[in-house]
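A quick note: this is a predicted structure, and the numbers were derived from the prediction, not measured. Side chains included, hydrogens not; waters and symmetry mates left out as well; all remaining heavy atoms used.
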Amino acid sequence: MKTKKDIESLDDIKILVNDFYDKAKQDELLAPVFFSRITGDWQPHLEKMYLFWNAALFSEKGYVGNPFSKHATLKISPAHFERWLLLFTQTIDKHFSGNMANDAKWRASVMADNFMRRLASIQQDGTRTLV
């Protein structure tokens, strides 16, 4: 059995992001959400995700954006975040093992929790209805 390496570089992030989105595009819950926003070429979105995770994991500059604002207008529920986190964690575990892999899973979990909490707050304010 081959020992998995840790996430060490942008190339590793590309493996993670590409495989995750290949799974998400096939997922019955997540695919409709992604395809509602990405109707053609996926590469610009993937490039942004490479930069995002490179910044999150390695503090590299390059990512510009507000991830929450992009998600606030989507018709998503906690079930979507739970599935996203499950697929993301499975993808990391498929390819990587180590401190940075664990950090990536932790950061994804914190992000999902924060997004769900903020979306629930918006719903309580009556300004947006979650599905």
Side-chain angles (χ1 to χ4, degrees):
M1 181 176 183
K2 183 180 173 187
T3 303
K4 296 176 199 168
K5 69 181 209 102
D6 205 351
I7 301 170
E8 300 172 343
S9 67
L10 181 59
D11 288 338
D12 293 334
I13 290 170
K14 288 179 180 180
I15 290 167
L16 168 61
V17 168
N18 290 343
D19 194 29
F20 168 79
Y21 279 99
D22 286 346
K23 290 176 182 161
K25 288 180 202 178
Q26 302 300 316
D27 186 82
E28 63 189 31
L29 184 61
L30 297 181
V33 175
F34 284 112
F35 283 113
S36 75
R37 289 287 174 89
I38 305 170
T39 58
D41 183 9
W42 278 72
Q43 198 57 42
H45 180 69
L46 295 175
E47 294 291 336
K48 187 166 268 205
M49 293 301 93
Y50 304 152
L51 293 175
F52 174 82
W53 284 106
N54 202 36
L57 296 177
F58 300 117
S59 300
E60 293 289 334
K61 295 183 183 196
Y63 175 77
V64 177
N66 179 340
F68 181 76
S69 69
K70 299 291 186 186
H71 293 80
T73 59
L74 293 170
K75 294 185 181 204
I76 51 179
S77 69
H80 291 91
F81 284 103
E82 291 166 9
R83 180 74 57 85
W84 175 85
L85 189 57
L86 175 67
L87 290 181
F88 193 78
T89 299
Q90 287 174 343
T91 305
I92 291 172
D93 289 342
K94 175 182 172 184
H95 296 283
F96 304 103
S97 178
N99 290 335
M100 193 60 71
N102 290 336
D103 187 51
K105 291 185 282 189
W106 175 78
R107 288 175 188 273
S109 176
V110 168
M111 186 183 334
D113 288 344
N114 285 338
F115 278 28
M116 284 188 290
R117 187 175 57 256
R118 289 178 72 186
L119 288 172
S121 175
I122 290 170
Q123 181 185 26
Q124 286 177 343
D125 290 345
T127 57
R128 179 167 162 352
T129 304
L130 295 177
V131 196

**Q** Find the distance between CG (Asp41) and CD (Glu47) and round it off to the nearest 0.5 Å.
**A**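 Output value for this atom pair is 9.5 Å.
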**Q** Under 3.5 Å, is there a donor-acceptor pair between the side chain of Lys61 and the main chain of Ala55?
**A**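 Checked: no pair found.
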**Q** Quick test of your reading of the model: are Lys23 and Asp19 salt-bridged, counting only N-O distances below 4.0 Å?
**A**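 Judged by the 4.0 Å cut-off on N to carboxylate O distance, Lys23 and Asp19 do form a salt bridge.
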**Q** Determine, for Arg107 against Asp103, whether the closest basic-nitrogen to carboxylate-oxygen distance falls under 4.0 angstrom.
**A**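 Yes, charged N to carboxylate O under 4.0 Å.
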**Q** Roughly how far, to the nearest 0.5 Å, is the OG1 atom of Thr91 from the CG atom of Asp22?
**A**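 With rounding to 0.5 Å, CG (Asp22) is 9.0 Å from OG1 (Thr91).
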**Q** Hey, what do you get for OH (Tyr21) to CG (Asp27), rounding to the nearest 0.5 Å?
**A**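 If we round to the nearest 0.5 Å, Tyr21:OH and Asp27:CG are 12.5 Å apart.
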**Q** As an exercise, state the distance from OG of Ser77 to CG of Leu29, rounded to the nearest 0.5 Å.
**A**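 Rounded to the nearest 0.5 Å, the OG-CG separation comes to 6.5 Å.
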**Q** Quick one: ring pair (Phe, Tyr, Trp, His ring centres under 6.0 Å) partners of Tyr50, sequence neighbours excluded?
**A**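 Result, ring pair (Phe, Tyr, Trp, His ring centres under 6.0 Å) vs Tyr50: none returned.
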**Q** With a 4.5 Å limit on heavy-atom distance, are the side chains of Leu85 and Ser109 in contact?
**A**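 In contact.
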**Q** Donor-acceptor pair, distance only, cut-off 3.5 Å: does the side chain of Asn54 make one with the backbone of Glu60?
**A**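 Between the backbone of Glu60 and the side chain of Asn54 there is no qualifying donor-acceptor contact (under 3.5 Å).
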**Q** Do Asp93 and Lys105 meet the salt-bridge criterion of a basic N to acidic O distance under 4.0 Å?
**A**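 Salt bridge flag = yes for Asp93 with Lys105.
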**Q** Sub-3.5 Å donor-acceptor pair from the side chain of Asn66 to the main-chain atoms of Phe68, do we have one?
**A**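 A pair under 3.5 Å: yes.
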**Q** Report the distance from atom CE of Met100 to atom NZ of Lys5, rounding to the nearest 0.5 Å.
**A**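 Atom-to-atom, Met100:CE and Lys5:NZ are 11.0 Å apart.
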**Q** Verify whether the ring centers belonging to Phe115 and Trp84 lie closer than 6.0 Å.
**A**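 That pair fails the under 6.0 Å test.
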**Q** Between Trp53 and Phe20, does the ring centre distance come in under 6.0 Å?
**A**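 No - the distance between ring centres of Trp53 and Phe20 does not fall below the 6.0 Å cut-off.
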**Q** For the backbone of Ala101 and the side chain of Asp6, can you confirm whether one donor and one acceptor N or O come within less than 3.5 Å of each other?
**A**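 Yes; judged by distance alone, with no hydrogens or angles, the pair exists.
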**Q** Taking everything shown except Gln43 itself, do over 12 heavy atoms lie less than 6.0 Å from its CD?
**A**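 Yes, because the 6.0 Å sphere around CD of Gln43 holds more than 12 heavy atoms from other groups.
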**Q** Could you measure the distance from the CE atom of Met49 to the CG atom of Asn18? Nearest 0.5 Å is fine.
**A**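 Answer for the CE-CG pair, Met49 versus Asn18, is 12.0 Å.
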**Q** So, do Lys25 and Phe34 sit near enough that their side-chain heavy atoms are less than 4.5 Å apart?
**A**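 No, their side chains stay 4.5 Å or more apart.
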**Q** Scan Leu119, Asp113, Asn114 and name whichever one has a side chain to side chain contact (heavy atoms under 4.5 Å, CB included) with Met116.
**A**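 Result for side chain to side chain contact (heavy atoms under 4.5 Å, CB included) with Met116: Asp113.
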**Q** Could you check whether any side-chain N or O of Thr89 sits under 3.5 Å from a backbone N or O of Leu86, counting only pairs where one atom can act as donor and the other as acceptor?
**A**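 A pair under 3.5 Å: no.
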**Q** Checking side chain to side chain contact (heavy atoms under 4.5 Å, CB included) for the pair Phe58/Ile13: CA distance, chi angles, key distance, verdict?
**A** CA-CA 10 Å; Phe58 300 117; Ile13 290 170; 3.6 Å; yes
**Q** Look at the side chain of His95 and the backbone N and O of Ile92, then say whether any donor-acceptor pair between them is shorter than 3.5 Å.
**A**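 No: the side chain of His95 does not pair with the backbone of Ile92.
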